[in-house]
Trainee: 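Before I ask anything, here is the structure I am working with.
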Amino acid sequence: MEHNDPEALPPPGHAEVRIIAATPDAARAVAEVLRRCFAGGEQRSYPVPGGGSRLHLTVDTARAAGPARSWLATSRPPSGTGAHTEEP
């Protein structure tokens, strides 16, 4: 996947997460929680104009661990039920 294309979709089973925080430490703390729940690639961080930090992280939802695994298993609709009514 080309990470420089903001419209590019991550590969199936992955999610691209963007964290915007007032400080780099706050952004890293959120990323650390995500990494404890999901396998993931390298994070990329960028300064935000006017202060703050933006952090991008790709997580592998197919390789969830601990709390995320049990939450994902119970949150997925049964096969063949289609989208929820509030989804397009």
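The structure displayed is predicted, hence computed values, not measured ones.
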Trainee: When rounded to the nearest 0.5 angstrom, what is the spacing between CZ in F38 and OG1 in T58?
Mentor: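 Reported value, rounded in 0.5 Å steps: 13.0 Å.
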
Trainee: Closest heavy-atom contact between A15 and T61?
Mentor: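 Looking at all heavy atoms of both residues, the shortest contact is CB-CG2, 4.3 Å.
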
Trainee: Report the distance from atom CZ of R18 to atom NE2 of H56, rounding to the nearest 0.5 Å.
Mentor: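 Between R18 CZ and H56 NE2, I get 4.5 Å after rounding to 0.5 Å.
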
Trainee: Applying side-chain contact (heavy atoms from CB on, under 4.5 Å) to R35 and V30, what does each step give before you reach the verdict?
Mentor: CA-CA 9 Å; R35 280 194 297 273; V30 173; over 6 Å; no

Trainee: Would you name the heavy atoms of A21 and A26 that are closest together and state the gap between them?
Mentor: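 Result for this residue pair: CB-CB, 3.8 Å.
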
Trainee: Who pairs with A22 by side chain to side chain contact (heavy atoms under 4.5 Å, CB included), at least two apart in sequence or on another chain?
Mentor: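 If we apply the side chain to side chain contact (heavy atoms under 4.5 Å, CB included) test to A22, skipping adjacent residues, there are no hits.
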
Trainee: For a 4.5 angstrom cut-off between non-hydrogen side-chain atoms, does L55 reach I20?
Mentor: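 Sidechains of I20 and L55: no contact.
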
Trainee: Within the structure provided, determine whether Q43 and V17 are in side-chain contact (heavy-atom separation under 4.5 Å).
Mentor: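 Q43 does not reach V17 side chain to side chain.
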
Trainee: Identify, with sequence neighbours excluded, every residue that meets salt bridge (Lys or Arg N to Asp or Glu O under 4.0 Å) alongside R28.
Mentor: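 Counting only residues at least two positions away or on another chain, R28 forms a salt bridge (Lys or Arg N to Asp or Glu O under 4.0 Å) with D25.
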
